[in-house]
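Note sheet for the following structure.
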Amino acid sequence: MTQADEITEEDTEPGIEAERVKKSLGEIADDIRYEVFPFIEQDLITINDNENFIEVEIKSKLLFPSGNARLVSKAIPVLSNLATIFSTFSNPIQVEGFTDDQPINTSTFPSNWELSAARAASVVHLFMRRGIEPERMSAIGYAEFRPIADNKTEQGRQQNRRVVIIIPTVPDTRETINAG
């Protein structure tokens, strides 16, 4: 091992490693913004980041037909491009599905719980097919129980129908991430 290859004690301190991860996640957030900029302008995708996580919120109308968890064709390239970016780091990826409070009762989705979880799982499956390791991902359905807008209006219901992808700063966290 050459002197340049030696890892010093300073290099292995948790604070220094966390700082490297934070910086790289900031750069990743910028890469995501660049990749999905047209959808940000259309208010279909929102990116938030801080020292704890990156949050990519995607409106359901970009991803799914009403009452369905099958991805629409125009969503595939967007999610595939995100998967390419996500493959550049090893942090966990938590995909959360949300619905409005309008009841659903079909043979496939007896309630909004199943619909929200199936939508999150659809995104996870696509990421897995694009090379993201399954061990890194989780799919969570929150149904209508974490609204961000009033469900009394169509506009509010549209805001509540979403998928949120959360990437924490700490690469090996095993906890459910609470970005809200």
Side-chain angles (χ1 to χ4, degrees), residues 25-26 28-50 52-87 89 91-106 108-130 132 136-168 176-180:
L25 280 182
I28 290 165
D30 290 342
D31 290 346
I32 294 168
R33 283 185 186 95
Y34 178 80
E35 186 61 45
V36 299
F37 184 73
F39 301 103
I40 292 171
E41 284 190 319
Q42 297 171 43
D43 199 29
L44 294 172
I45 296 180
T46 305
I47 314 293
N48 295 306
D49 64 300
N50 62 33
N52 298 317
F53 59 85
I54 298 171
E55 177 185 80
V56 181
E57 179 183 301
I58 307 171
K59 300 296 182 202
S60 284
K61 67 182 180 180
L62 175 63
L63 301 174
F64 307 103
S66 180
N68 200 308
R70 184 176 171 91
L71 290 163
V72 297
S73 59
K74 70 179 179 180
I76 307 297
V78 175
L79 292 172
S80 295
N81 290 341
L82 288 176
T84 299
I85 294 169
F86 296 164
S87 69
F89 58 90
N91 300 51
I93 300 167
Q94 180 173 301
V95 181
E96 303 174 340
F98 301 85
T99 65
D100 59 28
D101 70 348
Q102 300 300 295
I104 186 170
N105 186 4
T106 67
T108 307
F109 305 113
S111 76
N112 281 321
W113 284 111
E114 289 84 5
L115 178 59
S116 65
R119 286 179 168 184
S122 290
V123 174
V124 164
H125 282 288
L126 183 133
F127 286 164
M128 188 175 66
R129 288 191 307 270
R130 297 300 186 264
I132 303 295
R136 292 178 52 198
M137 297 186 286
S138 61
I140 301 171
Y142 287 112
E144 69 265 22
F145 298 107
R146 294 200 181 177
I148 57 172
D150 191 339
N151 276 304
K152 292 179 183 172
T153 68
E154 177 55 32
Q155 181 182 13
R157 289 190 296 275
Q158 282 182 9
Q159 289 178 328
N160 290 331
R161 295 187 296 260
R162 66 200 188 278
V163 167
V164 177
I165 303 164
I166 299 174
I167 300 129
T176 299
I177 304 136
N178 185 2

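Side-chain atoms are counted along with the backbone in the values below, which use heavy atoms only and exclude waters and symmetry mates.
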For Trp113, which of Phe145, Phe98, Tyr142 qualifies under ring pair (Phe, Tyr, Trp, His ring centres under 6.0 Å)? Phe145
Inter-residue atom distance Ile76.CD1 - Asn81.CG, 0.5 Å rounding: 11.5 Å
For Ile28 versus Ile54, what's the shortest heavy-atom pair and its separation? CG2-CD1, 4.0 Å
Taking all atoms of both residues into account, what is the closest heavy-atom pair of Ala143 and Ser116, and its distance? N-OG, 2.9 Å
Do Gln155 and Gln159 have side-chain N/O donor and acceptor atoms under 3.5 Å apart? no
Over all heavy atoms of both residues, which pair between Phe109 and Asn68 is shortest? Give the atoms and the distance, please. CE1-CA, 4.2 Å
Heavy-atom donor-acceptor pair, Asn91 side chain to Pro168 backbone, under 3.5 Å: yes
Between OG1 of Thr84 and CD1 of Ile132, what distance do you get to the nearest 0.5 Å? 8.0 Å
Output the distance between atom CD1 (Ile165) and atom CD (Glu55), rounded to the nearest 0.5 Å. 10.0 Å
Non-hydrogen atoms of Ile140 and Ala120 that approach each other most closely: O-CB, 3.6 Å
All heavy atoms of Arg162 vs all of Glu57, minimum pair found to be CD-CD, 3.8 Å
Give a yes or no answer on whether the side chain of Asn160 reaches the backbone of Ile148 with a donor-acceptor pair at less than 3.5 Å. yes
Checking Arg157 side chain against Asp101 main chain: does a donor-acceptor pair fall under 3.5 Å? no
Going by heavy atoms in the side chains, are Asn112 and Leu115 under 4.5 Å from each other? yes
Are the side chain of Ser122 and the backbone of Ala69 linked by a donor-acceptor contact shorter than 3.5 Å? yes
Quick check against the 3.5 Å criterion: does Glu41 have a side-chain atom that pairs as donor or acceptor with the backbone of Phe37? no
Close side-chain approach of Arg33 and Ile40, heavy atoms under 4.5 Å: yes
Output the distance between atom OG1 (Thr106) and atom CD1 (Ile104), rounded to the nearest 0.5 Å. 4.5 Å
Pairwise side-chain contact, Val36 with Val56, heavy-atom cut-off 4.5 Å (strictly under): no
Quick one: CG on Leu82 to CG on Leu126, what's the gap to the nearest 0.5 Å? 9.5 Å
So do the side chains of Val164 and Arg146 get within less than 4.5 Å of each other, counting heavy atoms only? no
Heavy atoms, side chains only, cut-off 4.5 Å: are Ile167 and Phe53 in contact? no
I'd like to check Lys59 versus Gln158 (side-chain heavy atoms, cut-off strictly below 4.5 Å). Are they in contact? no
Rounded to the nearest 0.5 angstrom, the CD1-OH distance for Ile85 and Tyr34 is 10.5 Å
Under the salt bridge (Lys or Arg N to Asp or Glu O under 4.0 Å) rule, what pairs show up with a residue in residues 111-130, not counting sequence neighbours? none
What is the minimum heavy-atom distance between Ser87 and Arg136, and which atoms define it? CA-NH1, 4.3 Å
Would you say the side chain of Ile45 lies within less than 4.5 Å of the side chain of Val78, judging by non-hydrogen atoms? yes
